[in-house]
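Worth knowing before you read on, the calculation uses all heavy atoms, side chains too, and leaves out hydrogens, waters and symmetry mates. Each ligand, and each atom within it, is numbered from 1 in the order the structure gives.
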Amino acid sequence: MREKMVQTQIIDRGITDTEVIKAMLNVPRHFFVPEKHKSKAYFDCPLPIGYNQTISQPYIVAFMTEKLNLNSKDKVLEIGTGSGYQSAILSQIVDSVFTIEIVKELSIVSKHKLETGGYTNVFCRQGDGYNGWPEHAPFDAIIVTAAPDKVPEPLLDQLAENGRLIIPVGPVNNTQHLNLYIKKNGKIKQQSLLTVRFVPFIREKE
Ligand code: SAH
């Protein structure tokens, strides 16, 4: 089922990065999907993971990963661990993945899955990812899988030179834009890639 998913949903729709394709073939998506929805793990859609959150559609995972233009030396920050699936995909391609999840229960489950699954280069933290993870900055790439109204400035600050940030930006229940920000000579260039619908970016009360 995974091979068919990769062929029809990923390759046939134009994903060409061989590292991304290899990762999508290697990582058992069903391992990250809750028991109740396991039979649908290779379907062409997002799936509920509890707490009003979702694991993204496989194509969106591949698309965002490809746009980050990753290489094996990269250090990546992910905001929104959720099921841990996107973290596992990234871990196959880069040196290390730092991932933050705000919902405590999801953070515990995904951390456990990533550990038992042998994804030893993924480092998990529970909390609000708005301020990034300054202790490990700068990052070569940052991926955000929940949509804020505006791009969090601390994440742009934590991009390395030539760093890439991919993030859905826009109002809840309305059209959001999947934006790519690239830092060149200390300046940020922005590109809008797709219109998307992501779960809202949640803020911890200060
Ligand atoms: N990458 C995930 C997608 C999960 S959906 C996967 O592959 O399964 C987005 C996740 O972002 C949710 O789990 C949600 O709880 C989390 N989230 C929302 N706002 C956040 C914030 N401020 N900091 C960290 N995580 C956040």
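- Evaluated for a side chain to side chain contact (heavy atoms under 4.5 Å, CB included) with Ile142, the options Leu77, Val76, Leu68 yield exactly one hit, Leu77.
- Side-chain contact annotation: Thr65 with Gln86, donor-acceptor N/O pair under 3.5 Å present.
- In this structure, Tyr119 and Phe32 have tilted ring planes: the angle between them lies in the 30° to 60° band.
- Annotation: atom 9 (C) of ligand 1 to nearest protein heavy atom, Thr145 O, 3.3 Å.
- For the atom pair CG (Asp44) and CE (Met5), the distance works out to 9.5 Å, reported to the nearest 0.5 Å.
- Sorted by first and then second residue, the salt bridge (charged side-chain N to carboxylate O under 4.0 Å, His left out) pairs with a member in residues 151-170 read Asp74-Arg164; sequence neighbours excluded.
- If you look at Arg203 next to ligand 1, there are no close heavy atoms at all, none under 4.0 Å.
- In this structure, atom 23 (N) of ligand 1 lies nearest to the protein heavy atom Gly129 N, 2.8 Å.
- Contact atoms of ligand 1 toward Gly127: 23 (N), 24 (C) (distance under 4.0 Å to a heavy atom of the residue).
- Close approach to Leu106 involves these atoms of ligand 1, each under 4.0 Å from a residue heavy atom: 13 (O).
- Under a cutoff of 6.0 Å and an axis angle of 45°, Lys4 and Tyr42 do not form a cation-pi pair.
- In this structure, CG on Asp17 lies 11.5 Å from CE on Met24, to the nearest 0.5 angstrom.
- Atom 11 (O) of ligand 1 has its closest protein heavy atom at Gly80 CA, 3.2 Å.
- Atom 26 (C) of ligand 1 has as its closest protein heavy atom Ile102 CG2, 3.5 Å.
- Ligand 1 is never approached by Glu204 to a heavy-atom distance shorter than 4.0 Å.
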- Message: side-chain contact (heavy atoms from CB on, under 4.5 Å) for Glu101 and Lys111? Distances and angles first, verdict last.
- Response: CA-CA 10 Å; Glu101 169 57 49; Lys111 184 174 195 285; over 6 Å; no
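- Residue Ile79 approaches ligand 1 through these ligand atoms, each under 4.0 Å from one of its heavy atoms: 23 (N), 24 (C).
- For the atom pair CE (Met64) and CG (Leu178), the distance works out to 5.0 Å, reported to the nearest 0.5 Å.
- Note: Tyr59 and Phe63 have tilted aromatic rings, judged against thresholds of 30 and 60 degrees for the angle between ring planes.
- Near Ser83, with a cut-off below 4.0 Å to any heavy atom, the atoms of ligand 1 are 6 (C), 7 (O), 8 (O).
- Under a 4.0 Å criterion applied to the non-hydrogen atoms of Ile100, ligand 1 contributes the atoms 24 (C), 25 (N).
- Atoms of ligand 1 lying under 4.0 Å from any heavy atom of Ile55, numbered from 1 in the order shown and given with element: 8 (O).
- Residue Val103 has at least one heavy-atom neighbour below 4.0 Å for each of these atoms of ligand 1: 15 (O).
- For the side chain to side chain contact (heavy atoms under 4.5 Å, CB included) with Phe198, the qualifying choice from Ile60, Val144, Val169, Ile167 is Ile60, the only one to do so.
- Each of the atoms 11 (O), 18 (C) of ligand 1 lies under 4.0 Å from some heavy atom of Ala146.
- Heavy atoms of Val199 found under 4.0 angstrom from ligand 1 belong exclusively to the side chain.
- Applying the 6.0 Å contact sphere to NZ of Lys38 captures more than 12 heavy atoms from other residues, nucleotides or ligands.
- Closest heavy-atom approach to atom 16 (C) of ligand 1 among the candidates Glu101, Gln86, Glu78: Glu101.
- Nearest protein heavy-atom contact of atom 12 (C) of ligand 1 is Gln53 OE1, 3.3 Å.
- Of all the listed residues (Ile143, Val144, Thr54, Ile89), Thr54 holds the heavy atom that lies closest to atom 4 (C) of ligand 1.
- Neither the backbone nor the side chain of Val61 has a heavy atom within less than 4.0 Å of ligand 1.
- Hydrophobic clustering (ILVMFWY, side-chain heavy atoms < 4.5 Å, transitive): Leu25 and Phe43 are in distinct clusters.
- In this structure, atom 19 (N) of ligand 1 lies nearest to the protein heavy atom Ile202 N, 2.9 Å.
- An N or O contact shorter than 3.5 Å is missing between Ser56 and ligand 1 by distance.
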